[in-house]
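Notes follow the structure.
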Amino acid sequence: MEVGDAGATNTVTSEIQSTIDVSSPLYIHPSDSPGLVLVPVPFDGLGYRSWRRGVLRSLSIKNKLGFITGECVKPNSNSASFRQWERCDDMVTSWILNSLAKEIADSVEYVNTSVELWRELEDRYDQTNGAKLYQIQKEINDLSQGVLDITGYYTKMKKLWEELTNLSAKSVCNCQCTCGAKENMNKVEQDRRLIQFLMGLNEVYTVI
């Protein structure tokens, strides 16, 4: 591409950007850049669900969630917004790659779009692993207060509960319940967790 052609392309891009509503997913804020990192700690293969939540939250704030969910559909190549969509999608792809450890980023470097990248990560890491479920449940069963204060003990227990809930999220029923069974099941689960917490307390708290 010659210098004149590049200048003309930049002019057209700037004109399109200036006409895009700031509430549109195609709008790129002046502070956005390909070097941006979505989460403070890159994903290294462990704790995918926690990393995933941080990425989704950051993309939602930037109004770019639709690129990885497929809601922001790629326009036809003859559309005036085609180039702008590509720019935004490349930006989102760069952000996600920047939020991965180098080894993982290198393994997905040649994906074509951000939605393809996201699906690859989901297929690879968002699997309910029986061994992982067993490991977390065993940690919960083995956990006791020990040298921790009550707040620290509860915080550690709650973190494990949340990990277990996230791993089992796909099996949770989201239907509207009118018979009260779902509410009763939630109450039973809360009672079970309370008993589990109390059983791990040091003996000094037994009377209390």
Side-chain angles (χ1 to χ4, degrees), residues 35-65 68-69 92 95-108 117-208:
L36 186 143
V37 179
L38 296 172
V39 290
V41 180
F43 175 62
D44 61 359
L46 299 174
Y48 177 75
R49 288 293 181 90
S50 177
W51 175 86
R52 180 180 184 273
R53 289 179 66 183
V55 170
L56 292 176
R57 188 179 295 115
S58 295
L59 289 176
S60 176
I61 291 171
K62 291 184 169 297
N63 198 23
K64 296 292 185 290
L65 204 55
I68 64 170
T69 62
V92 172
W95 291 345
I96 296 175
L97 290 174
N98 294 341
S99 303
L100 298 170
K102 186 179 185 306
E103 295 77 11
I104 298 177
D106 288 345
S107 70
V108 290
L117 169 58
W118 191 252
R119 285 173 182 166
E120 174 68 22
L121 294 172
E122 292 278 270
D123 290 342
R124 191 184 303 182
Y125 298 105
D126 190 26
Q127 302 296 327
T128 301
N129 189 304
K132 183 65 174 177
L133 283 172
Y134 169 79
Q135 177 190 343
I136 294 176
Q137 187 62 65
K138 188 174 187 307
E139 285 186 49
I140 291 174
N141 293 341
D142 294 344
L143 182 63
S144 59
Q145 182 183 354
V147 297
L148 299 171
D149 58 25
I150 290 184
T151 301
Y153 167 55
Y154 174 74
T155 301
K156 192 170 183 178
M157 179 74 82
K158 189 171 188 299
K159 183 176 183 295
L160 290 170
W161 283 335
E162 289 179 350
E163 283 188 53
L164 192 65
T165 300
N166 284 333
L167 273 176
S168 308
K170 291 183 177 179
S171 61
V172 174
C173 174
N174 294 315
C175 301
Q176 293 295 327
C177 179
T178 57
C179 68
K182 189 173 181 179
E183 183 178 345
N184 289 335
M185 289 175 64
N186 288 336
K187 179 65 167 59
V188 169
E189 177 62 17
Q190 291 302 315
D191 288 345
R192 187 186 68 80
R193 290 185 175 186
L194 174 60
I195 293 170
Q196 203 167 41
F197 172 77
L198 294 175
M199 288 176 65
L201 286 173
N202 292 339
E203 289 185 7
V204 69
Y205 294 104
T206 301
V207 177
I208 299 175

* Under 3.5 Å, is there a donor-acceptor pair linking the side chains of Asn186 and Gln190? -> no
* **CZ/Arg52: more than 12 non-hydrogen atoms of other groups inside 6.0 Å** => yes
* Supply the atom-to-atom distance Leu198 CG to Leu201 CG, rounded to the nearest 0.5 angstrom. => 5.5 Å
* Taking the side chain as C-beta and beyond, is there a heavy-atom pair between Asp191 and Val188 under 4.5 Å? -> no
* Asked: Okay, side chain of Tyr154, backbone of Asp149: is any donor-acceptor separation there less than 3.5 Å?
  -> no
* Under 6.0 Å from the CZ atom of Arg53, do we count more than 12 heavy atoms belonging to anything else shown? -> no
* **Heavy-atom side-chain proximity of Ser58 to Lys64 below 4.5 angstrom** => no
* **Short N-O contact, Glu183 and Lys187, less than 4.0 angstrom** => no
* Asked: Roughly how far apart are Ile140 CD1 and Arg193 CZ, rounded to 0.5 Å?
  -> 7.0 Å
* Under 3.5 Å, side chain of Asn98 to main-chain N/O of Leu36, donor-acceptor pair present? -> yes
* Is there a donor-acceptor contact under 3.5 Å from the side chain of Trp51 to the main chain of Ser99? -> yes
* Asked: Are any non-hydrogen side-chain atoms of Asp123 and Trp118 less than 4.5 angstrom apart?
  -> no
* Structure fact -> Smallest heavy-atom separation, Gln196 atom then Trp161 atom, equals OE1-NE1, 3.1 Å
* State the CG-OG1 distance between Leu59 and Thr69, to the nearest 0.5 angstrom. => 9.5 Å
* What are the two closest heavy atoms between Pro42 and Ala101, and how far apart are they? -> CB-N, 3.9 Å
* Asked: Below 4.5 Å, heavy atoms only, C-beta onward: do Leu117 and Val92 meet side chain to side chain?
  -> no
* Asked: Do Ile96 and Leu121 have side chains that get closer than 4.5 Å, going by heavy atoms?
  -> yes
* **Donor + acceptor pair across side chains of Tyr48, Glu122 (<3.5 Å)** => yes
* Once you round to the nearest 0.5 Å, how far does OG1 of Thr165 lie from NZ of Lys158? -> 9.0 Å
* **CG on Leu97 to NZ on Lys102, rounded to 0.5 Å** => 12.0 Å
* Do the side chains of Arg192 and Glu189 get nearer than 4.5 Å, heavy atoms only? -> yes
* **Donor-acceptor contact present, side-chain Ser60 to main-chain Leu65, <3.5 Å** => no
* **Six-ring centre of Trp95, Lys62 cation under 6.0 angstrom, axis tolerance 45°** => yes
* Asked: Got Ile68 and Leu56 here, is their nearest side-chain heavy-atom distance under 4.5 Å?
  -> yes
* To do: Check whether any side-chain N or O of Gln145 sits under 3.5 Å from a backbone N or O of Gly200 as a donor-acceptor pair, and report yes or no.
  => no
* To do: With rounding to the nearest 0.5 Å, note down the distance linking CG in Asn141 to CD in Gln137.
  => 4.5 Å
* Under 3.5 Å, side chain of Asp44 to main-chain N/O of Leu100, donor-acceptor pair present? -> no
* Criterion side-chain contact (heavy atoms from CB on, under 4.5 Å) on Glu162 and Ser50, from CA distance to verdict -> CA-CA 10 Å; Glu162 289 179 350; Ser50 177; over 6 Å; no
